[in-house]
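We count ligands from 1, going down the list as the structure has it; atoms in each ligand are counted the same way.
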Amino acid sequence: MAAPLLESEVDAFRKVFKMYRRRNPPPDFSDVIDFSKASPSEKIVPVQLDTHAVSDVDTARVGLKPVKQWQASGLRGYPGFIFIANPFLSDSQHFWIKQCLKTYPQKPNVCNLDLHMAPADTEDIWGKSAPSLSCHTDLRKPKTLLEKLRWVTLGYHYNWDVKTYSPSHHTPFPSDLQLLSRHIAAACSFPGFSAEAAILNYYRSNSSLGIHVDESELDHSQPLLSYSFGQSAIFLLGGRRKQDAPTAMFMHSGDVMVMSGQSRLLYHAVPRIVPAPEELRDPVSVPPQDSRVVESVPAEDWLVCRRYIQDSRVNVTVRQVLAAGESFPDNVRSTTEESKKRRHDSSEDDADM
Ligand code: OGA
Ligand code: MN
């Protein structure tokens, strides 16, 4: 029988989640780890990456710095957790942000708006939103589709109702994001990683993401990769039990988080979006070189992206669903029904997924 919980242990995670989500009075952020500034300490340990796994030419093609320049850290007590503080080349975030806002929400990918809108109305989310977003903001104006976007799924489309992936609901995974993810996983000593599913989360300034574990993937020996763009967030990393007290850290634009090994199945949550630090607020753009996956973003597109991320954050979590050579078991429901349940909520504090 499991040991009874101490009074102080009961939902320690929930308490911390509520504290960081509180508006009035605002919480004290002094205990939140900032990996962009942190040096090795009691809590933070340097992580040795595989600097030979990916060539400098290959990392540059997807907009990443050479692996030997990445600043990778781990957290004591969380084996398999790797935080890579913004490994992107200065010009490439524009491209990935544009992909998240203009390209990935396009059909055949699936998004929350598909649940209550006709297919024709969600066909061109970017085109329908860009003109209004790029001109001056007027708070009385109705929200654009882009501002109503909460999630997009790629590859094996996650079914929110039954919390599974299925072979019958699959569309091609974007090759650029596949390559980026493969290189990052390889540098973290997972050379066999294959990006098969992704969930993109679109957070407005008052959004949060409830306490959960990502366990729907059939293979947990491969890591979960998470990319952050736009405004910053407080990320809480807990334990194997839902009530375990979490560690709080900032995720800034460009940061990459890898949950692998014993950290792959830990509870986590995003209680709060916080303004990006001044120096990270407006990533610069320089002309790209040839032969790259990453292309330059036209000025008119960047205007829209820039406006959007001024008060939003985009998170991309990339997952391998099946082990190499594995297939779905026969009993996996082949439903294409999507749930009306929303994962993000600014009014619920513990929306389990
Ligand atoms: C998820 C997730 C965290 C984030 O999508 O499963 O945990 O940083 N996202 O937004
Ligand atoms: Mn998650």
**Message:** Under the side chain to side chain contact (heavy atoms under 4.5 Å, CB included) test against F88, which residue among T59, L180, V62, D255 passes?
**Reply:** L180

**Side-chain heavy-atom pair Y165, L322 within 4.5 angstrom cut-off** = no

**Item:** Numbered atoms and elements of ligand 1 in range of V270, under 4.0 angstrom, heavy atoms
**Value:** 3 (C), 4 (C), 8 (O), 10 (O)

**Message:** When you measure from the heavy atoms of I199 to every atom of ligand 1, does any distance fall below 4.0 Å?
**Reply:** no

**Asked** Quick check, are the ring centers of F35 and F235 under 6.0 angstrom apart?
**Response** no

**Item:** Atom nearest to the Mn ion (ligand 2) - D214, N, O or S atoms considered
**Value:** OD2

**Item:** Student check: side-chain heavy atoms of R204 and D311 closer than 4.5 Å
**Value:** yes

**Message:** Counting only heavy atoms, tell me which of V314, N315, V318, V316 gets closest to atom 9 (N) of ligand 1.
**Reply:** N315

**Request:** May I ask whether M257 has any heavy atom positioned less than 4.0 angstrom from an atom of ligand 1?
**Result:** no

**Message:** How large, to 10°, is the angle at the Mn ion (ligand 2) when you draw lines to NE2 on H268 and to NE2 on H212?
**Reply:** 90°

**Request:** Run the numbers for me: atoms of ligand 1, each under 4.0 Å from some heavy atom of D214, listed by number.
**Result:** 6 (O)

**Asked** Is there side-chain contact between D244 and Y267, with heavy atoms separated by less than 4.5 Å?
**Response** no

**Message:** Distance under 4.0 Å to a non-hydrogen atom of R313: what atoms of ligand 1 satisfy this?
**Reply:** 4 (C), 8 (O), 10 (O)

**Request:** Would you check the N or O atoms of H268, main chain and side chain alike, for any that come under 3.5 Å of an N or O of ligand 1?
**Result:** yes

**Message:** I need the atoms of ligand 1 closer than 4.0 Å to a non-hydrogen atom of R319, numbered in the order shown.
**Reply:** 1 (C), 5 (O), 6 (O)

**Prompt:** Under 4.0 angstrom from ligand 1, any heavy atom of M259?
**Reply:** no

**Prompt:** Do D176 and W96 have side-chain heavy atoms sitting under 4.5 Å apart?
**Reply:** yes

**Prompt:** Any side-chain heavy atom of F229 sitting closer than 4.5 Å to one from L200?
**Reply:** no

**Request:** Select the closest option to atom 10 (O) of ligand 1 among Y267, W151, Y202, Y203, judged by heavy-atom distance.
**Result:** Y203

**Asked** Which of these, V304, D301, V297, sits in a side chain to side chain contact (heavy atoms under 4.5 Å, CB included) with K102?
**Response** D301

**Item:** Any T164 side-chain heavy atom under 4.5 Å of S216 side chain
**Value:** no

**Message:** Under 4.0 Å from a heavy atom of N201: which atoms of ligand 1 are those, numbered in the order shown and with their elements?
**Reply:** 1 (C), 5 (O), 9 (N)

